[in-house]
Colleague: 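Structure below; questions to follow.
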Amino acid sequence: MTKTRIILDTDPGADDALTILLMLASPEISLEGITTVHGNVPLEKTTRNALALLEFFDRKDIPVARGCSLPLIKAPHVENDNVHGTSGLGRTNLPEPTLQPVAAHAVDYLIQRFLAEPKELTLFAIGPLTNVALAIRQEPKFAEAIKEMVIMGGAIRSGGNMTPLAEFNIYEDPHAAHVVFNAGIPITLVPLDATYQCLLSSADVERLNRIDSPIPKFIRDVTADYMEFYLKYEGFSGCALHDPLTLAAIIAPQLLTLESHYVNVDISGGVSEGKTYADFMKVTKRPANMRVALDVKGREFVELFLERIEKFCAANAPTR
Ligand code: RIB
Ligand code: CA
C-alpha cells in the first residue's frame, strides 16, 4: 500500500491529540512531521503538547517545528482553555517532554520540506492557518509544491462555534485563511457541517477503557474537559471529533459527501468576520477552489475511529 505522507500543522488541543493518535493507528498514513501554531492554547503549550504526545505515543522519530504565536493581524484571543483544559490536553498529566523542537521555525520547516519533495507531501492543517499563510507569502514556490491540503475549519451552512457565524480555526486568523483559500492549493475542507455529526460519547470512551492499555485512559483524560464543555454549553454528552474527521479524506472518503465550490472567508471586520461561505449559486463566476465535506456518515466514522484505536492498543500492548 502506498502511504499518504503527511505533515501536520496543529494546535494540540484534545481533538488534535486524537488526530495524531488516529494517524499513528492508520496503516494508510505516514506522519512525517509536525508544526505547531497558536490556537486552543498559546504556542508554548501547543508545542510542549506536541512533543509530549509524540513521547507518549513512542514516536520520538517525528520532528516538531515551533511556529507562530500570534495571528497575522488580529489580536490573540484570551486563552480559551475551558474546552481543552488549562494545559490544552484536558486532564492528562503527561511528563515534561525530553524531546526538543527542531531549530527551524515552522514556516521555514514547511518550506524546506515541501520544496525538497514537490507534490509528494500532503499538508493537514487542524488549527489556525497562520504558519501556512506565511509560508505561502515567504516562498512563491511553496503553494505549488503541496500535493494536497486537508483543512479542519469553517462553517458553511452550519452555525459557528466561536461566533454565531464563524468556526474557531478560521476565526482565530481569518486573514491567514483568506491567503490559504486563494493560493491555488488543492484543498479539501472539513467544516463544522460534517464534524458536529461525529460525536464520541462517554459510552464510546468506556468501551475503549475495557482494554488493558494506557491509551484508552489517555483518551478519557484528554476528552474529560471537552466532554464537560459540550454537556454544559451545547447540551450533549460527548465531544465532536472535529480534527480526527479530516483523516476520513484519506482513510474513508466514502463516508464524506464532498462537493466542489468556490469558498472564501469574510475579512471585512464586521459581525461576520471569519465566516466561510460557499458560492452555491455560482454568482461570483469564480471556479471552485476546494472540495468541501458538507455531510458525513458520522456514526460510521466514530466506529472506524474506535476500531482503529482498539487495533492500535492490541498491537502496542504494554509489555508486562
Ligand atoms: O472548531 C474546531 C477546531 O478548533 C478544532 O481544530 C479544535 O482543535 C479547535 O482548534
Ligand atoms: Ca485543532
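Below, all heavy atoms of this structure are taken into account, side chains as well, without hydrogens, waters or symmetry copies. Counting starts at 1 for both ligands and their atoms, following the listed order.
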Colleague: Minimum distance, heavy atoms only, to atom 9 (C) of ligand 1: which one of Val37, Asn40, Ile151 is it?
Modeller: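 Closest candidate by heavy-atom distance is Asn40.
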Colleague: Which ligand 1 atoms are under 4.0 Å away from a heavy-atom of Phe168?
Modeller: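 The list of qualifying atoms is 1 (O), 4 (O), 9 (C), 10 (O).
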Colleague: Which residue and non-hydrogen atom of the protein lie closest to atom 6 (O) of ligand 1, and at what distance in Å?
Modeller: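 Here the closest protein heavy atom is Asp243 OD1, 2.6 Å.
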Colleague: Closest N/O/S atom of Asp243 to the Ca ion (ligand 2), by atom name?
Modeller: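 Answer by atom name: OD2.
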Colleague: With ring centroids as reference points, do Phe181 and Tyr262 lie under 6.0 angstrom apart?
Modeller: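 Phe181 vs Tyr262: aromatic centres not under 6.0 Å.
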Colleague: Answer yes or no: does an N/O atom from Asp16 fall short of 3.5 Å to an N/O atom of ligand 1?
Modeller: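 Yes, Asp16 has an N/O under 3.5 Å of an N/O on ligand 1.
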Colleague: Just which atoms of ligand 1 are under 4.0 Å from any heavy atom in Ile126?
Modeller: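 Once the distances to Ile126 are compared, the set is 6 (O).
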Colleague: So does Glu303 pair up with Arg299, basic N to acidic O under 4.0 Å?
Modeller: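 Yes.
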Colleague: Name of the Asp11 N, O or S atom nearest the Ca ion (ligand 2)?
Modeller: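 Result for Asp11 and the Ca ion (ligand 2): OD1.
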Colleague: Using the rule given for ring pair (Phe, Tyr, Trp, His ring centres under 6.0 Å), can you reason through Tyr196 versus His242, listing the C-alpha separation, both sets of side-chain angles and the distance that settles it, and then say yes or no?
Modeller: CA-CA 7 Å; Tyr196 264 120; His242 297 298; 5.0 Å; yes
Colleague: If you measure from each non-hydrogen atom of Thr195 to ligand 1, which part falls under 4.0 Å: side chain, backbone, both or neither?
Modeller: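 None of Thr195 does.
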Colleague: Taking N or O atoms only and a 3.5 Å limit, does Met152 qualify as a polar contact for ligand 1?
Modeller: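 No.
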Colleague: What does the angle at the Ca ion (ligand 2) come to, between atom OD2 of Asp16 and atom O of Ile126, rounded to 10°?
Modeller: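 The two atoms subtend 90° at the Ca ion (ligand 2).
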Colleague: Heavy atoms only: give me the nearest Lys45-Thr86 pair and the separation to one decimal.
Modeller: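 That would be NZ-O, 2.8 Å.
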Colleague: Classify the ring geometry of Phe305 against Phe301: parallel below 30°, tilted from 30° to 60°, perpendicular beyond 60°.
Modeller: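 Tilted, since the angle between the ring planes falls between 30° and 60°.
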Colleague: Would you give the length of the straight line joining atom OG1 of Thr122 to atom CD of Glu32, rounded to the nearest 0.5 angstrom?
Modeller: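 Answer for the OG1-CD pair, Thr122 versus Glu32, is 10.0 Å.
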Colleague: Among Glu167, Glu172, His84, which one puts a heavy atom closest to atom 3 (C) of ligand 1?
Modeller: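 Heavy atom nearest to atom 3 (C) of ligand 1 belongs to Glu167.
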Colleague: Using a heavy-atom cut-off of under 4.0 Å, does the side chain or the backbone of Val83 touch ligand 1, or both, or neither?
Modeller: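 Neither part.
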Colleague: Quick one: does Thr163's side chain have a donor or acceptor within less than 3.5 Å of a partner on Ala166's backbone?
Modeller: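 Yes, the answer is positive, given that a donor and an acceptor are paired below the 3.5 Å cut-off.
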Colleague: Within 45° of the ring axis of Phe142 and under 6.0 Å from its six-membered ring centre, is that where the NZ or CZ of Arg137 lies?
Modeller: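 No; the conditions do not both hold, so Arg137 does not lie above the ring face of Phe142.
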